[in-house]
Asks: 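Structure below; questions to follow.
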Amino acid sequence: MSVRRLNRLSRIVLAASLGAALLLASGCSSLGYYAQAAHGQFSLLAQARPIDDWLDDPHTSGRLRDKLQTVREIRRFAVTQLALPDNGSYKNYAQLERPFVVWNVVAAPALSLKARQWCFPVAGCVDYRGYYSQQDAQQYADGLVKEGDDVQVLGVPAYSTLGWFNDPVMSTFINYPDAELARLIFHELAHQVVYAKGDSQFNESYATTVEEIGLEQWLQAHHDDRLREAYKVFAGRKQDFLELLLKYRSQLEANYEGDGSEAEKLHRKAEIFDALRAEYQRIKVRWGGFSGYDRWFAMPLSNAHLALVGTYHDRVPAFRELFRRSSGFADFFERVKALAKLDKTARNEQLDRLQDNVQPMHSAAK
């Protein structure tokens with residue numbers, strides 16, 4: 001048996017071992033949930049094959065071959081230029097028979113944008129609950145709806161195991177445009193460098209900062225005007241969409257925190273979501289009919305749709321300011337690690353001070 005095969009088997013055994021450890025730590029009431037998580041991770045690693053194997057396979061399509069070569073270039077850039085980990089992640093590829101690797105359940109009370117949290121032995125408390133089966137995720141979500149929560153089931157193309165395993169490239173995102181592929185890999189690798197247990201906003205805003213600055217440098221290095229222009233259009237639409245969500249999130253927060261009866265707040269909530277849908281349609285006209293965000297509107301809108309918007313973006317200005325003060329990515333990572341070691345209150349105080357030195361985000365899209 002080859003060394004490569006032995007290494008692959010050892011990772012699978014490790015996945016099963018970690019799954020068993022999670023089971024023991026979780027208590028009997030959560031055995032079913034942790035069992036599906038362990039089985040899902042085990043299956044994912046079992047399906048992943050080294051990129052070299054796919055490139056050597058005569059049955060690999062030309063498009064997939066090109067994309068895997070692109071991933072190799074992105075991975076090399078991440079290590080040599082962004083000081084991201086030089087490990088086994090994104091050196092294997094898994095062809096999955098589903099559109100997403102996991103489905104996350106996000107929930108919030110009917111009159112609040114504060115996401116429900118679930119706590120786990122390794123990740124700490126996070127604002128979602130993940131399932132490898134869409135049916136299982138929807139079943140759990142239906143139970144939360146019956147309890148009165150606003151709920152969204154969100155398909156996720158990739159996630160980080162925080163360095164526990166070698167995360168593979170997957171069919172769920174391999175066909176992204178090259179710039180988006182680079183952005184995703186930079187983001188997920190960033191989680192392997194720094195992770196503050198139980199602080200989703202810190203973790204995701206930091207990783208979003210790494211992906212954005214990393215992608216800016218990657219685009220500059222490519223000297224491809226067409227690639228840069230395509231991403232400029234994409235980034236502009238993404239910014240429009242984000243500002244749209246922040247605008248209506250602010251209106252919802254004002255509604256929930258204001259005076260008025262529960263019935264009045266629920267009525268106003270419905271009006272705000274109707275206005276959000278209508279403004280999105282106007283923005284689409286400005287985009288020339290681009291429909292890339294239609295899936296976000298496919299289900300009835302609720303607090304769950306907006307609960308995590310700030311998680312990924314609210315602290316990005318502070319992290320960008322920290323990067324500006326750093327001598328490069330390696331120094332930046334050391335500074336972020338120092339923040340991660342603080343308790344959450346002290347960490348937020350330092351981020352607040354950093355944020356005070358940057359300009360506020362432009363007003364929402366009109």
Asks: State which residues pass side-chain hydrogen bond (donor to acceptor under 3.5 Å, both in side chains) with E321; sequence neighbours excluded, sorted by chain then number.
Replies: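 Result, side-chain hydrogen bond (donor to acceptor under 3.5 Å, both in side chains) vs E321: R324, R325.
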
Asks: Closer than 3.5 angstrom, by distance alone: can the side chain of E204 be matched with the main-chain N or O of H313 as a donor-acceptor pair?
Replies: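 Checked: no pair found.
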
Asks: Has the side chain of S326 got a donor or acceptor atom that lies under 3.5 Å from a matching backbone atom of L322?
Replies: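 Yes, because the side chain of S326 sits within donor-acceptor range (under 3.5 Å) of the backbone of L322.
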
Asks: Is there a side-chain contact between L84 and F77 in this structure, where contact means two heavy atoms from C-beta onward sitting under 4.5 Å apart?
Replies: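 Not touching, per the 4.5 Å side-chain cut-off.
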
Asks: I'd like to know if the side chain of E264 and the backbone of S261 have a donor-acceptor N/O pair within less than 3.5 Å.
Replies: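 Checking the backbone N and O of S261 against the side chain of E264, a donor-acceptor pair under 3.5 Å is found.
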
Asks: Counting distance only, does the side-chain N/O of Y131 pair as donor-acceptor with the main-chain N or O of Q36 below 3.5 Å?
Replies: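 The answer is no, because no donor-acceptor pair under 3.5 Å joins these two groups.
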
Asks: Looking at T80 and R76, would you say the former's side chain and the latter's main chain have a donor-acceptor pair under 3.5 Å?
Replies: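 Pair found, side chain donor or acceptor close to backbone of R76.
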
Asks: If you take all heavy atoms of V106 and A307, which pair is closest and at what distance?
Replies: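 V106 and A307 have their closest heavy atoms at CG1-CB, 4.5 Å.
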
Asks: Quick check: is L351 connected to Y195 through a chain of hydrophobic side chains (ILVMFWY, heavy atoms under 4.5 Å apart)?
Replies: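 No.
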
Asks: Give me the atom names and distance for the closest heavy-atom approach of Y176 to P157.
Replies: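 Scanning both residues, the minimum pair turns out to be OH-CG, 3.3 Å.
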
Asks: If hydrophobic clusters are built from ILVMFWY residues whose side chains come within less than 4.5 Å, do F319 and V309 share one?
Replies: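 Looking at the clustering, V309 is in a separate group from F319.
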
Asks: Might you work through the salt bridge (charged side-chain N to carboxylate O under 4.0 Å, His left out) test for K247 and E279, ending with a clear yes or no?
Replies: CA-CA 11 Å; K247 173 182 176 179; E279 185 161 355; 3.0 Å; yes

Asks: Looking at every heavy atom in both Q95 and S171, which two are closest together, and how far apart are they?
Replies: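 For Q95 and S171, the tightest heavy-atom pair comes out as NE2-CB, 3.5 Å.
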
Asks: How far apart are the C-alpha atoms of R75 and E188, what are their side-chain angles, what is the distance that settles it, and do they pass the salt bridge (charged side-chain N to carboxylate O under 4.0 Å, His left out) test?
Replies: CA-CA 12 Å; R75 190 71 183 81; E188 300 304 339; over 6 Å; no

Asks: Using the rule that two of Ile, Leu, Val, Met, Phe, Trp, Tyr join whenever any of their side-chain heavy atoms come within less than 4.5 Å, decide whether W103 and M170 are in one cluster.
Replies: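 As far as the 4.5 Å side-chain criterion goes, M170 and W103 are not connected within one cluster.
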
Asks: What's the verdict on salt bridge (charged side-chain N to carboxylate O under 4.0 Å, His left out) for D240 and K284, showing C-alpha distance, side-chain angles and the deciding distance?
Replies: CA-CA 10 Å; D240 287 346; K284 279 183 63 178; over 6 Å; no

Asks: Can you name the side-chain hydrogen bond (donor to acceptor under 3.5 Å, both in side chains) partners of E180, sequence neighbours left out?
Replies: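 Expected list: R183.
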
Asks: In this structure, would L162 and V101 fall into the same cluster of hydrophobic residues linked by side-chain contacts under 4.5 Å?
Replies: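 Each belongs to a different hydrophobic cluster.
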
Asks: Show which side-chain atoms of residues 135-155 pair as donor or acceptor with protein atoms under 3.5 Å away, not counting sequence neighbours.
Replies:
| unit_1 | atom_1 | unit_2 | atom_2 | d |
| --- | --- | --- | --- | --- |
| Q138 | NE2 | D142 | OD1 | 2.9 |
| Y140 | OH | W118 | NE1 | 2.9 |
| D149 | OD1 | R116 | NE | 3.4 |
| D149 | OD1 | R116 | NH2 | 2.8 |
| D149 | OD2 | R116 | NE | 3.0 |
| D150 | OD1 | K269 | NZ | 3.4 |
| D150 | OD2 | K269 | NZ | 2.6 |
| D150 | OD2 | N303 | N | 3.0 |
| D150 | OD2 | N303 | ND2 | 3.3 |

Asks: Do any N or O atoms from the side chain of S205 and from the backbone of R315 form a donor-acceptor pair under 3.5 angstrom?
Replies: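 Indeed, once roles are kept as given, a pair shorter than 3.5 Å links the two residues.
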
Asks: Could you check D57, L55, I174 and say which one makes a side-chain contact (heavy atoms from CB on, under 4.5 Å) with L64?
Replies: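 Checked D57, L55, I174 against L64; only one passes side-chain contact (heavy atoms from CB on, under 4.5 Å): I174.
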
Asks: Hey, can you pull the donor-acceptor pairs under 3.5 Å for the side chains in residues 226-237, sequence neighbours left out?
Replies:
| unit_1 | atom_1 | unit_2 | atom_2 | d |
| --- | --- | --- | --- | --- |
| R228 | NH1 | L219 | O | 3.3 |
| R228 | NH2 | D225 | OD1 | 2.5 |

Asks: Considering non-hydrogen atoms only, spot the tightest contact between C125 and S200 and give its length.
Replies: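 Taking every non-hydrogen atom into account, O-OG, 4.1 Å.
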
Asks: Using the side chain to side chain donor-acceptor pair (under 3.5 Å) rule, take D294 and Y280 through it: C-alpha gap first, then chi angles, then the decisive distance, then the call.
Replies: CA-CA 9 Å; D294 282 5; Y280 172 65; 2.6 Å; yes

Asks: Mind checking what makes side chain to side chain contact (heavy atoms under 4.5 Å, CB included) contact with E262, not counting sequence neighbours?
Replies: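 Partners of E262 under the side chain to side chain contact (heavy atoms under 4.5 Å, CB included) test: L111, L266.
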
Asks: With a cut-off of 3.5 Å and sequence neighbours excluded, list every side-chain donor-acceptor pair involving residues 337-346.
Replies:
| unit_1 | atom_1 | unit_2 | atom_2 | d |
| --- | --- | --- | --- | --- |
| K337 | NZ | E334 | OE2 | 3.4 |
| D343 | OD1 | T345 | N | 3.0 |
| D343 | OD1 | A346 | N | 3.0 |

Asks: Please report the shortest heavy-atom distance between H191 and N203, naming the atom on each side.
Replies: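 H191 and N203 have their closest heavy atoms at CE1-O, 3.4 Å.
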
Asks: Checking the side chain of D167 only, and the main-chain atoms of T161 only, is there a donor and an acceptor separated by less than 3.5 Å?
Replies: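 Checked: pair present.
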
Asks: Without swapping roles, check the side chain of R65 against the backbone of T60 for a donor-acceptor pair under 3.5 Å.
Replies: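 Side chain of R65 to backbone of T60, a donor-acceptor pair under 3.5 Å: yes, one is there.
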
Asks: Is the F329 ring parallel, tilted or perpendicular to the F333 ring (thresholds 30°, 60°)?
Replies: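 The rings of F329 and F333 sit tilted, inter-plane angle from 30° to 60°.
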
Asks: Is there a path of hydrophobic side-chain contacts, each under 4.5 Å between heavy atoms, that joins Y206 and Y128?
Replies: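 Result: no, two separate clusters.
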
Asks: Salt-bridged, R353 to D356, with N to O below 4.0 Å?
Replies: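 Salt bridge between R353 and D356, a charged N being under 4.0 Å from a carboxylate O: no.
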
Asks: Output all residues satisfying salt bridge (charged side-chain N to carboxylate O under 4.0 Å, His left out) with R347, sequence neighbours left out; order by chain, then residue number.
Replies: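 For R347, the residues satisfying salt bridge (charged side-chain N to carboxylate O under 4.0 Å, His left out) (neighbours in sequence not counted) are D199.
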
Asks: List in chain and number order the residues that pass side-chain hydrogen bond (donor to acceptor under 3.5 Å, both in side chains) with E216, two or more places apart in sequence or in another chain; answer none if no residue qualifies.
Replies: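 In terms of side-chain hydrogen bond (donor to acceptor under 3.5 Å, both in side chains), with neighbours along the sequence ignored, E216 is linked to R320.
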
Asks: Closest approach of F165 and S89, non-hydrogen atoms and distance?
Replies: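 Heavy atoms only, the tightest pair is O-OG, 3.8 Å.
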
Asks: Any pair with a residue in residues 237-262 that passes ring-ring contact (aromatic ring centres under 6.0 Å, His included), sequence neighbours left out, goes on the list, sorted by first then second residue, please.
Replies: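 Non-adjacent pairs meeting ring-ring contact (aromatic ring centres under 6.0 Å, His included): F241-Y293, F241-W296.
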
Asks: Can you list the residues that meet the salt bridge (charged side-chain N to carboxylate O under 4.0 Å, His left out) rule with E271, with sequence neighbours excluded?
Replies: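 Per chain and number, E271 pairs via salt bridge (charged side-chain N to carboxylate O under 4.0 Å, His left out) with R268.
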
Asks: So, using side-chain hydrogen bond (donor to acceptor under 3.5 Å, both in side chains) as the criterion, who are the partners of D86 when residues are at least two apart?
Replies: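 None.
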
Asks: For residues 277-317, pull every pair meeting disulfide bond (SG atoms under 2.5 Å apart), keeping only residues two or more places apart or in separate chains.
Replies: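 Counting only pairs at least two positions apart or across chains, no disulfide bond (SG atoms under 2.5 Å apart) contact touches residues 277-317.
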
Asks: When you measure from the side chain of W54 to the backbone N and O of Y93, does any donor-acceptor pair fall under 3.5 Å?
Replies: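 Yes, the answer is positive, given that a donor and an acceptor are paired below the 3.5 Å cut-off.
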
Asks: Before accepting this row, confirm whether a basic side-chain N of the pair R249/D314 lies closer than 4.0 Å to the acidic partner's carboxylate O.
Replies: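 Answer for the salt bridge query: yes.
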
